[in-house]
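Side-chain atoms are counted along with the backbone in the values below, which use heavy atoms only and exclude waters and symmetry mates. Quick caveat, the model's predicted, so the values are computed rather than measured. Whatever order the structure lists them in is the order used to number ligands and atoms, beginning at 1.
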Amino acid sequence: MSPIHQTILNKKTSNPPIWIMRQAGRYLPEFRNIRKENPDFIKLCLNESLSSEITLQPLKRFKLDAAIIFSDILMIPYALDQKVEFKKNFGPILGDFDFNHSSQISEEKFFNNLKPVYNAINLVSKNELLKEKNTIGFVGAPWTLLVYTINKQSPKKNINKDFFKNDLLIKDILNLLIKFTKIHIKNQVEAGANLIQIFDSWAGLLEKSDYDKYIYNPTLELVNYVKTLKVPVICFPRGIKDYKSYCEIVKPDAVNIDYDVDPHEIKKLIKIPIQGGLDPKMLLTDKDNLKKEVNKYLEIFKDHPYIFNLGHGVLPETNPDMVEYLVNIVKDYK
Ligand code: 1CP
């Protein structure tokens, strides 16, 4: 059994397993080389030979315990025929979501639109580098996808006041996103993903009074669905104000904490396996400081099932040597 699966089942491993959010990406020169030649990001995600190669790049360099497929949470709106573009130094820009059109898309058409993603998962999961390791499939949580679908770009600090104005349409879009997110999860598992991560990157934008409707109920539906597929599910409700209630209600197999969470406090509050926490900015400091911070998390979670990771994605300006240094500290921890 892989070290991540062991940790999720509460079994003791000699040291915590590790993977890194956004481990395949812009901080790696070998990724930037491929990206330079492939200016269309969606097309790159749909090129199974390149996307599987990019997925494996960090595993060739570092002793990581999992590969996360090189794709994007916005591949779902894309496969539902919403226009999705990525603008340099700006982020995603989406077109209008046409509910009447998107709700007519068949499961088969959706599968065909994303077939190269599933083929890439299949290629990666069979690679020698992944023996006794995990191939992580992922989705955006319904709330986070709704944010991009309606806001049509990153919301940064808050969402437009008009966001919730058409309540009925929002409900319909949310349900459609849930339906296709389940299909995307199933397709990834059938292709070879043996762990699913659900990213709720914009959970922090909501007030607690909105959690039931937009976070708890939709995510619980996905988590229960993943459990029927017999693969573990890790949830990352970034910036949520109450991780404890989230875990009790949504019941993921493990939870990823963000870097604003106090690790001492959360350990006392949460019984399920924990992942992540380290501020990605620590990788921009020096080795001594990084070591101190990494050891802090290792010490705090030494008697709690723990998967090492960051409190958000690795930053593009990170030096890969610092990532190597981090991975080695975790691997050498006694
Ligand atoms: O190793 C990996 O993790 C690579 C696969 C991966 C994942 C898991 C990518 C590639 N994107 C994601 C998830 C993702 N995409 C999330 C959830 C995690 C998070 O909060 O970071 C979100 C919110 C997105 C949406 C997205 N995709 C943004 C906007 C982020 C924001 O602040 O609004 C951007 C800029 C992207 C593009 C993207 N996706 C992935 C990469 C490597 C890139 C950069 C593309 C480039 O310009 O080269």
Revision key, fill the gap. The atoms of ligand 1 lying under 4.0 Å from a heavy atom of Phe199, numbered in the order shown, are 8 (C), 17 (C), 18 (C)
Review point. Between Glu221 and Lys182, is the closest basic N to carboxylate O distance under 4.0 Å?
Key: yes
Exercise for review: For the pair Tyr306 and Phe301, name the ring-plane relationship: parallel under 30°, tilted 30 to 60°, perpendicular over 60°.
Suggested key: parallel
Review point. Which residue from Thr55, Asn38, Asp72 reaches closest to atom 39 (N) of ligand 1 through any of its heavy atoms?
Key: Asp72
Practice item. Note the single closest protein heavy atom to atom 32 (O) of ligand 1, along with its residue, its atom name and the distance in Å. Key: Ser154 OG, 3.8 Å
Check your understanding: Do Lys109 and Asp81 sit within salt-bridge range, that is, some charged N less than 4.0 Å from a carboxylate O?
Key -> yes
Exercise for review: Quickly, which of Tyr78, Tyr118, Phe138, Phe111 forms a ring pair (Phe, Tyr, Trp, His ring centres under 6.0 Å) with His184? Name it, please.
Suggested key: Tyr118
Check your understanding: Which of the atoms of ligand 1 are close to Phe86, meaning less than 4.0 Å from one of its heavy atoms?
Key -> 27 (N), 36 (C), 37 (C)
Practice item. Under 4.0 Å, heavy atoms only, figure out whether ligand 1 is touched by the backbone of His312, its side chain, both or neither. Key: side chain
Exercise for review: With heavy atoms of Ala24 as the reference, note each atom of ligand 1 found under 4.0 Å away.
Suggested key: 1 (O), 2 (C), 4 (C)
Exercise for review: May I ask you to list the atoms of ligand 1 that are less than 4.0 angstrom from any heavy atom of Phe70?
Suggested key: 42 (C)
Study note, to complete from the structure: atom 48 (O) of ligand 1 sits nearest the protein heavy atom Arg35 NE, 2.6 Å
Review point. Could Lys251 and Glu248 be called an ion pair, given the rule that one side-chain N must be under 4.0 Å from one carboxylate O?
Key: no
Review point. Going by an N to O cut-off under 4.0 Å, is there a salt bridge joining Arg238 and Asp200?
Key: no
Review point. Does Arg22 approach ligand 1 within less than 4.0 angstrom via side chain, backbone, both or neither, non-hydrogen atoms only?
Key: both
Practice item. Hey, can you tell me if Trp143 and Phe164 have their rings parallel, tilted or perpendicular (30° and 60° cut-offs)? Key: parallel
Point to revise | SB check Asp167 Lys213 (cutoff 4.0 Å) | key: yes
Review point. Less than 4.0 Å between a side-chain N and a carboxylate O, is that true for Asp303 and Lys267?
Key: yes
Point to revise | N-O pairing of Glu324 and Lys331 below 4.0 Å | key: no
Review point. When you measure from atom 38 (C) of ligand 1 to every protein heavy atom, which one gives the shortest distance, and what is it?
Key: Phe41 CZ, 3.4 Å
Check your understanding: So which protein heavy atom does atom 28 (C) of ligand 1 come closest to, and at what separation?
Key -> Pro92 CD, 3.9 Å
Check your understanding: Which of the atoms of ligand 1 are close to Ser201, meaning less than 4.0 Å from one of its heavy atoms?
Key -> 17 (C), 18 (C), 19 (C), 20 (O), 23 (C)
Study note, to complete from the structure: Closest to atom 7 (C) of ligand 1 among protein heavy atoms sits Phe138 CZ, 3.5 Å
Practice item. List every atom of ligand 1 that sits less than 4.0 Å from any heavy atom of Ile69, numbering the atoms from 1 in the order shown and giving each element. Key: 5 (C)
Exercise for review: Compute whether any side-chain donor of one residue and acceptor of the other, for Gln23 and Gln57, lie under 3.5 angstrom apart.
Suggested key: no
Revision key, fill the gap. So the atoms of ligand 1 within less than 4.0 Å of a heavy atom of Ile68 turn out to be 1 (O), 2 (C), 3 (O), 8 (C)
Point to revise | Contact atoms of ligand 1, heavy-atom distance to Phe31 under 4.0 Å | key: 48 (O)
Exercise for review: May I ask whether Gln153 has any heavy atom positioned less than 4.0 angstrom from an atom of ligand 1?
Suggested key: no
Point to revise | atom 23 (C) of ligand 1 - nearest protein heavy atom and its distance | key: Tyr148 OH, 3.3 Å
